[in-house]
2 protein chains.
Amino acid sequence: MIVDPSADDRLDRAFMALADPVRRRIIARLSRGPATVNELAEPFQITLQAVSKHIQVLEQAGLVTRSRDAQRRPVHLDAAQLEALTAWIDRYRLIHEQQFRNLDALLATTRGAEAATSDADPEAGTAQEATES
Amino acid sequence: MIVDPSADDRLDRAFMALADPVRRRIIARLSRGPATVNELAEPFQITLQAVSKHIQVLEQAGLVTRSRDAQRRPVHLDAAQLEALTAWIDRYRLIHEQQFRNLDALLATTRGAEAATSDADPEAGTAQEATES
DNA sequence: TCCTTATTCAACTCAATGCTTGATCAACCG
DNA sequence: CGGTTGATCAAGCATTGAGTTGAATAAGGA
């Protein structure tokens, strides 16, 4: 059905998928191993159909995959997509922290005695471009 | 307005906030330093009001904070909340990977010659509990 | 074959999002 | 003071999301 799984789109779906406590609990459960829809639905008060939909959301987000075992459809966690999310977050988190260090260094040179580049040069390596979504 | 900023709720909001390309681009921009609403709105085709709302979403998610500078309201990235997100993801990602190593080891002992614990013991440290949301 | 188990599809409701336009508030500037 | 800049509030509209009930499909088991 989906024709354009752009990088943006994949992040949209993955972050959206984790923005629901039911789905996060499903992920938490799957981190300990595969499970069927019925097993996954057990802890919740909602209907099986609702859980089935949650799993579809996780699947479309690339966070889980499914196999076949007779009439069962075991769900497996896909760690690669989780990694993609931390990669996105860390990218900007680290740029930000670098900016912070630069600012500290700048303040040190402004306030302090001589302009000694003690640690980080405020002008150097200003984390080139971050155009992305 | 909000009375219950439960851990669950904060994660809900934060992941939801990142599930939108506009808001992710705002985060990307802010990683390079604070910016005003007008500056943040500049790259987008949508109205200033829409961007203002996006910023409010990010603020309620704890991902950004705001200060005062005359009639301007500079927005700053809050890296702590970004860190909380990677922490959540990594928790289950690492449990999952540990499970994988355990499985590999188990297969090795089952398939292989002797039950030598070459690397990881399938029975050991089974990553205790992961009840959380 | 009939019955049960496992899961999904379809249609519908209800609440929340994302966006818009128009008006308002707050602070600076001449 | 009057105008401009920066940003938010308010109301309305279209779309999407989470949940439901009821029916359908699919594979095993007696």
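Throughout, a chain's letter reflects where its sequence line sits, starting with A, and its residues are numbered from 1.
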Compare side-chain N and O positions of B:His54 against OP1 and OP2 of C:dC19 and report whether any pair is under 4.0 Å apart.
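Checking B:His54 against C:dC19: at least one side-chain N or O falls below 4.0 Å of OP1 or OP2.
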
Respond yes when some side-chain nitrogen or oxygen of A:Asn38 is under 4.0 Å from OP1 or OP2 of C:dT7, and no when none is.
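Yes, such a contact exists.
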
Show every salt bridge (charged side-chain N to carboxylate O under 4.0 Å, His left out) that has at least one partner inside residues 70-81 of chain A, sequence neighbours left out.
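Sorted pair list: A:Asp69-A:Arg72.
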
Write down the atom of [X], the atom of [Y], and the distance for their closest heavy-atom approach.
X       : Y       : result
B:Ala14 : B:Gln81 : CB-NE2, 3.8 Å
A:Met16 : B:Met16 : SD-SD, 3.3 Å
B:Leu30 : A:His96 : O-CD2, 4.1 Å
A:Ile89 : B:Leu82 : CG2-O, 3.6 Å

Going 5' to 3' along DNA chain D, which nucleotides are the first and last within contact of chain B (any atom under 4.0 Å from a heavy atom)?
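So the outermost contacting nucleotides come out as D:dT5 to D:dA11.
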
Residues two or more places apart in sequence or in another chain: which of them pass side-chain contact (heavy atoms from CB on, under 4.5 Å) with B:Glu39?
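Listed in chain order: B:Arg29, B:Ala35, B:Thr36.
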
Distance-only side-chain donor-acceptor flag, A:Asn38 / A:Glu42, under 3.5 Å
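Looking only at side-chain atoms, A:Glu42 and A:Asn38 do not form any donor-acceptor pair under 3.5 Å.
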
Let's go through A:Glu59 and A:Arg66 carefully: what are the C-alpha distance in whole Å and the side-chain angles of both, what is the deciding distance for side chain to side chain contact (heavy atoms under 4.5 Å, CB included) to 0.1 Å, and is it a yes or a no?
CA-CA 8 Å; A:Glu59 191 177 18; A:Arg66 325 196 59 177; 3.2 Å; yes

Whole Å only: how far is the [atom1] atom of [X] from the [atom2] atom of [N]?
X       : N      : atom1 : atom2 : result
B:Gln56 : C:dA16 : CD    : P     : 17 Å
B:Ile55 : C:dG18 : CD1   : C1'   : 15 Å
A:Met16 : C:dT17 : CE    : P     : 9 Å
A:Leu40 : C:dA6  : CG    : C1'   : 13 Å

Which nucleotides of nucleotides 25-30 of chain C have their base under 4.0 Å from a protein heavy atom (B), which only their sugar-phosphate (S), and which neither (-), written as one string 5' to 3'?
--BS--

Any residue meeting side-chain hydrogen bond (donor to acceptor under 3.5 Å, both in side chains) with A:Asp20, in chain and number order, not counting sequence neighbours
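In terms of side-chain hydrogen bond (donor to acceptor under 3.5 Å, both in side chains), with neighbours along the sequence ignored, A:Asp20 is linked to no residue.
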
Would you compute the distance between atom CG of B:Leu63 and atom CD1 of B:Ile27 and round it to the nearest 0.5 angstrom?
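Here the rounded value is 5.0 Å.
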
Using only atom types and a distance under 3.5 Å, with no angle test, would you say the side chain of B:Arg24 pairs donor to acceptor with the backbone of A:Asp8?
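Checked: pair present.
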
Strand contacts (DNA chain C) in residues 41-51 of chain A, 4.0 angstrom heavy-atom criterion:
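Hits under 4.0 Å, by residue number: A:Leu48, A:Gln49.
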
